[in-house]
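Here's the structure, in structure tokens; my notes come after.
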Amino acid sequence: MHDQAKAYHQAVTAFYGRRTDYDHEPGTTHPYKARRLLETVPLQLGDRVLDVATGTGLVAIAAAEQVGPTGQVTGIDLTPGMLNQARHKLAKLGLQNLELVKANAETIALPANRFDVLFCCEAVVLFQDIPASFQKWHGWLKPGGYVAFTCPDQNAYLSEIYKQICVSLPEPMGHILEPLGTPQRCHQLLEQARFGNIQVVVEQSGRDRTLADLQSLQLTQSSLRLSFKGHPQLQALSPQQLEQMQATYLAAIVQKATNDRLWESTTTFFVRAQKQPSP
């Protein structure tokens, strides 16, 4: 693996490895999004399901219950800590039709035409090459099979402020939410991967944040590396550059706030598409 990609995946693993109670984080919407994503696809008894970036198994475990003992679910994830949380839940439930695999979703090789349904909840924006991943997903699905994933709107999670922070750097950098940040872009990338029957449901949401809470955030190379997918110039930031970025961030949120509060969009797309049967 290229050094830059390796460093980025290490940063992703470290970030999610620190989240030891992912399902119950304050204000979390992870369980809701998993349930909502499952509703987009008509799972059948006996289906073979792949859950990409399964995390704590929120989608995979529910899918395993729906497809029954004649079905099979495979959940893959990069982060051992997240998989350990999934295995703990799985042991309590005693499900025999769910396999959890530690693997990089962007490099793993899987058989063609194997799965009836492929899910990816909240993680596809982290992939460094989304078009290539969609091509792989298309190949792994059986003809007529479904892909379903979630992704945030391009303006969610104060992304405009993060883009503003980095305008002083020599090279422009694409923010993590931009590639799939509009329904049109979701459609375009899925069509390029030969998917059809594409549906994008936009669910508006947000949260009221206090200015004090947002001001407490300390920007680091690691947090910026996640926001801009490991762009190489982030690895060479000086302390002075980080200090300037912190100042830019603080000024931006103060300008955006009203009465010491700031509304943060968390709008999410629920996307479904289908591998067209062969003519």
Side-chain angles (χ1 to χ4, degrees), residues 16 19-79 81-101 105 115-127 133 137 141 145-153 156-157 177 180-181 183 186 190 195 197-207 264-274:
Y16 284 96
R19 300 172 73 169
T20 56
D21 194 18
Y22 182 82
D23 294 1
H24 306 103
E25 292 172 342
T28 184
T29 58
H30 309 314
Y32 165 76
K33 288 178 181 176
R35 291 194 301 270
R36 178 74 178 80
L37 184 63
L38 280 160
E39 292 171 357
T40 66
V41 176
L43 285 178
Q44 305 294 328
L45 291 175
D47 275 351
R48 189 180 291 270
V49 177
L50 177 66
D51 186 25
V52 174
T54 191
T56 64
L58 285 167
V59 170
I61 289 172
E65 292 173 332
Q66 290 186 35
V67 302
T70 59
Q72 178 66 38
V73 178
T74 301
I76 59 175
D77 201 276
L78 190 64
T79 307
M82 300 290 270
L83 287 172
N84 287 339
Q85 294 177 60
R87 291 191 178 102
H88 181 70
K89 291 189 286 186
L90 189 59
K92 287 185 176 181
L93 293 169
L95 292 171
Q96 301 298 313
N97 63 338
L98 171 55
E99 179 186 19
L100 296 169
V101 179
F115 299 99
D116 298 286
V117 180
L118 186 154
F119 290 111
C120 186
C121 192
E122 301 203 73
V124 66
V125 294
L126 294 166
F127 293 4
S133 292
W137 293 2
L141 284 168
Y146 288 96
V147 59
F149 62 86
T150 66
C151 58
D153 178 84
Y157 302 104
L177 300 187
L180 290 168
C186 292
L190 286 166
F195 283 102
N197 190 22
I198 300 167
Q199 300 177 14
V200 181
V201 176
V202 180
E203 189 167 294
Q204 302 283 348
S205 60
R207 55 192 178 187
E264 180 183 28
S265 168
T266 59
T267 294
T268 300
F269 304 155
F270 292 85
V271 184
R272 188 189 80 174
Q274 192 173 21

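Keep in mind the model is a prediction, meaning the values are calculated, not measured. Every heavy atom of this structure was used, including side-chain atoms; hydrogens, water molecules and symmetry mates were not.
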Donor-acceptor pair, side chain of [X] and main chain of [Y], under 3.5 angstrom:
X	Y	result
Thr28	His30	yes
Asp77	Leu83	no
Glu99	Asn97	no
Thr150	Glu122	yes

Atom of [X], atom of [Y] and distance for their closest heavy-atom approach:
X	Y	result
Ala273	Ile198	CB-CG1, 3.8 Å
Val202	Pro183	CG2-CG, 3.8 Å
Leu43	Leu38	CD1-CD2, 4.0 Å
Ala64	Leu98	CB-CB, 4.1 Å
Gln85	Tyr22	OE1-N, 3.4 Å
Leu141	Tyr146	CD2-O, 3.5 Å

Less than 4.5 Å apart, any side-chain heavy atom of [X] and any of [Y]?
X	Y	value
Gln199	Val271	no
Arg36	Val201	yes
Val67	Gln72	no
Thr74	Ile76	yes
Val59	Thr54	no
Leu37	Lys33	no
Cys151	Phe270	no
Phe195	Val147	yes

Show me, pair by pair, the donor-acceptor contacts under 3.5 angstrom made by side chains of residues 89-96, not counting sequence neighbours?
from	atom 1	to	atom 2	distance (Å)
Lys89	NZ	Asp23	OD2	2.6
Lys89	NZ	Thr56	O	2.8
Lys89	NZ	Thr56	OG1	3.4
Gln96	NE2	Gly94	O	3.2

Side chain to side chain contact (heavy atoms under 4.5 Å, CB included) between Arg272 and Val41, worked out: CA-CA 8 Å; Arg272 188 189 80 174; Val41 176; 4.0 Å; yes
Side-chain donor-acceptor pair present, Thr266, Ser205, cut-off under 3.5 Å: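 Yes, because at least one side-chain N or O of Thr266 sits under 3.5 Å from a partner of the opposite role on Ser205.
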Thr268-Glu203 side chain donor-acceptor pair, cut-off 3.5 Å: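 No - no donor-acceptor pair under 3.5 Å links their side chains.
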Side chain to side chain contact (heavy atoms under 4.5 Å, CB included) evaluation trace for Cys186 with Phe269: CA-CA 9 Å; Cys186 292; Phe269 304 155; 4.0 Å; yes
Candidates Leu180, Leu118, Val52 - the one meeting side chain to side chain contact (heavy atoms under 4.5 Å, CB included) with Phe149: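 Of the listed options, the one satisfying the test is Leu180.
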Test side chain to side chain contact (heavy atoms under 4.5 Å, CB included) applied to Phe119 and Leu50, step by step: CA-CA 6 Å; Phe119 290 111; Leu50 177 66; over 6 Å; no
From Asp116 atom CG to Asp47 atom CG, the distance as rounded to the nearest 0.5 Å: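 Nearest 0.5 Å value for the CG-CG distance: 4.0 Å.
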